[in-house]
K.L.:
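Below is a structure I'd like to ask you about.
Keep in mind that the numbers below use all heavy atoms, side chains included, and drop hydrogens, waters and symmetry copies. We're numbering straight along the sequence, starting at 1.
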Amino acid sequence: MAKIVVVTSGKGGVGKTTTTAALGAALARSGQNVAVVDFDVGLRNLDLIMGVERRVVFDLINVIQEEATLHQALIRDKRCDTLSILPASQTRDKDALTSEGIERVMNELRERFDWILCDSPAGIERGAQLAMHHADHAVIVTNPEVSSVRDSDRIIGMLDSQTARAQKGETVEKHLLLTRYDPSRASRGEMLSVEDVVGILSLPLLGVIPESEDVLKASNVGAPVTFASPESVPALAYFEAVARLEGKDIPVTIPTEKRGLFDRIFKKRGS
């Protein structure tokens, strides 16, 4: 049965869209039929990260308002024929999203795909509420910063009260994904540690994505990092996260501080 996953965050700029693209591409690489849906109406970026911005003809709002069919609006990835994107509108606002329209689109997507990943707008307004409403799973993306973690806590409350599952007395399966983690800064107390974030939010850890230029380079060439640089550290972390999302019980790889030759020599002498 198809699974709907909302990729969400309380704070903007945490890497939510790059995460949606990376997870979707990783799932599709394994042969599963995947759709990634951009709910950030008016500020769409998922099409840029996926490298399909010049191929957008119809979008999510066109489908909701029945100006185009889902088949017409979906864009198939040229690198992987099991991956498709449904872009957001760049010229409409979030008021064009309707509960009835979203339900119809989600039901149709469920019939065609194994996984549907919804890239939610940041925050708690209407677009975010509609993006999470039909979710079976939620990937809560946060940075190791107090403000990001605090805002994520509000998102957890929404998932527990404002989704279709919550209304039926069920729960959305929630996962924590920590992005832009720098172990050297964490060791100096300049950002929260992995243990701090997990302790505050009390969610199962899906993965830890290190701060890396590989993610930025991939985005700049219009490709998820799991396509552009599949052997890189962040890509491997995303592949691990996908395995856990599929239910596999594997340990989380937490990035450690890299030390140069002189650091290792002095540490050894001092021990």
Side-chain angles (χ1 to χ4, degrees), residues 3 5-9 11 13-32 34 36 45-46 49-51 77 79-80 83 115 117-120 137-145 148-149 152 155 173-187 190-201 203-259:
K3 295 180 181 178
V5 182
V6 62
V7 182
T8 184
S9 66
K11 185 174 182 291
V14 298
K16 177 176 47 56
T17 299
T18 55
T19 290
T20 303
L23 293 177
L27 283 164
R29 277 173 62 102
S30 67
Q32 300 186 78
V34 180
V36 292
N45 283 308
L46 187 57
I49 301 297
M50 299 291 293
D77 193 284
R79 296 154 297 200
C80 181
L83 178 62
W115 292 85
L117 274 63
C118 302
D119 181 21
S120 170
H137 298 260
V139 175
I140 300 163
V141 182
T142 186
N143 291 160
E145 303 168 357
S148 180
V149 173
S152 293
I155 293 296
E173 191 170 328
K174 296 178 287 294
H175 313 266
L176 172 63
L177 188 76
L178 187 60
T179 56
R180 296 179 177 167
Y181 181 71
D182 185 335
S184 61
R185 291 185 62 199
S187 68
E190 296 175 5
M191 63 171 51
L192 297 174
S193 68
V194 174
E195 293 77 12
D196 290 335
V197 177
V198 173
I200 294 168
L201 296 178
L203 291 178
L205 186 60
L206 189 69
V208 180
I209 314 300
E211 182 74 65
S212 172
E213 290 185 359
D214 291 310
V215 177
L216 179 60
K217 289 177 181 177
S219 297
N220 286 339
V221 299
V225 69
T226 42
F227 276 171
S229 187
E231 300 301 321
S232 66
V233 175
L236 294 175
Y238 277 120
F239 283 123
E240 282 188 7
V242 159
R244 292 185 202 94
L245 194 60
E246 293 175 311
K248 297 174 184 175
D249 185 13
I250 59 174
V252 177
T253 300
I254 298 177
T256 56
E257 187 174 358
K258 293 182 179 179
R259 295 182 176 274

K.L.:
Should the ring pair Trp115 and His137 be called parallel, tilted or perpendicular, given that the plane angle runs from 0 to 90° and is split at 30 and 60?
P.N.:
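Tilted.
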K.L.:
Could you walk me through whether Leu117 and Leu27 satisfy the side-chain contact (heavy atoms from CB on, under 4.5 Å) test, starting with their C-alpha distance in whole Å, then the side-chain angles of each, then the deciding distance to 0.1 Å, before giving a yes or no?
P.N.:
CA-CA 10 Å; Leu117 274 63; Leu27 283 164; 3.9 Å; yes
K.L.:
If every non-hydrogen atom of Tyr238 is compared with every non-hydrogen atom of Thr179, which pair is closest and at what distance?
P.N.:
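Residues Tyr238 and Thr179, closest heavy atoms: OH-CG2, 4.4 Å.
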K.L.:
What's the spacing between Ile155 CD1 and Ile140 CD1 if we round to 0.5 Å?
P.N.:
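Result: 7.5 Å between the selected atoms.
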K.L.:
Suppose we screen for side-chain hydrogen bond (donor to acceptor under 3.5 Å, both in side chains). Which residues come up paired with Glu145, at least two apart in sequence or across chains?
P.N.:
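Applying side-chain hydrogen bond (donor to acceptor under 3.5 Å, both in side chains) to Glu145 gives none.
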K.L.:
Could you check whether any side-chain N or O of Ser148 sits under 3.5 Å from a backbone N or O of Asn143, counting only pairs where one atom can act as donor and the other as acceptor?
P.N.:
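Side chain of Ser148 to backbone of Asn143: a pair is present.
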K.L.:
Quick one: CD on Glu173 to CG on Leu206, what's the gap to the nearest 0.5 Å?
P.N.:
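These two atoms lie 10.0 Å from each other.
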K.L.:
How close do Val198 and Leu203 get, counting heavy atoms only, and between which atoms?
P.N.:
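Distance-wise, the nearest heavy atoms are CG1-O, 3.9 Å.
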K.L.:
I need the full list of salt bridge (Lys or Arg N to Asp or Glu O under 4.0 Å) pairs touching residues 225-242, with sequence neighbours left out, sorted by first then second residue.
P.N.:
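Non-adjacent pairs meeting salt bridge (Lys or Arg N to Asp or Glu O under 4.0 Å): Glu240-Arg244.
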K.L.:
Where do Arg79 and Met50 come nearest, in terms of heavy atoms and distance?
P.N.:
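It is NH2-O, 2.7 Å.
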K.L.:
Show me, pair by pair, the donor-acceptor contacts under 3.5 angstrom made by side chains of residues 207-214, not counting sequence neighbours?
P.N.:
from: Ser212; atom 1: OG; to: Asp214; atom 2: N; distance (Å): 3.1
from: Ser212; atom 1: OG; to: Asp214; atom 2: OD2; distance (Å): 3.2

K.L.:
Report the distance from atom CG of Leu201 to atom OG1 of Thr142, rounding to the nearest 0.5 Å.
P.N.:
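Nearest 0.5 Å value for the CG-OG1 distance: 6.0 Å.
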K.L.:
Under a 4.5 Å cut-off applied to non-hydrogen side-chain atoms, are Lys16 and Asp119 in contact?
P.N.:
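In short, these two side chains touch, coming nearer than 4.5 Å.
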K.L.:
Looking at CG of Leu192 and CD1 of Ile200, how far apart are the two atoms once the value is rounded to the nearest 0.5 Å?
P.N.:
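Between atom CG of Leu192 and atom CD1 of Ile200 there are 5.5 Å.
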K.L.:
Please find the pair of heavy atoms, one from Ala22 and one from Val225, that lie closest to each other, and give the distance.
P.N.:
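For Ala22 versus Val225, the nearest heavy atoms are CB-CG1, 4.1 Å.
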K.L.:
Might you point out which heavy atoms bring Pro224 and Ala218 nearest each other, and give the distance in Å?
P.N.:
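Closest approach of Pro224 to Ala218: C-CB, 4.1 Å.
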K.L.:
For Val197 and Pro144, which heavy atoms make the closest approach, and how far apart are they?
P.N.:
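Closest pair (atom of Val197, atom of Pro144, distance): CG2-CA, 4.2 Å.
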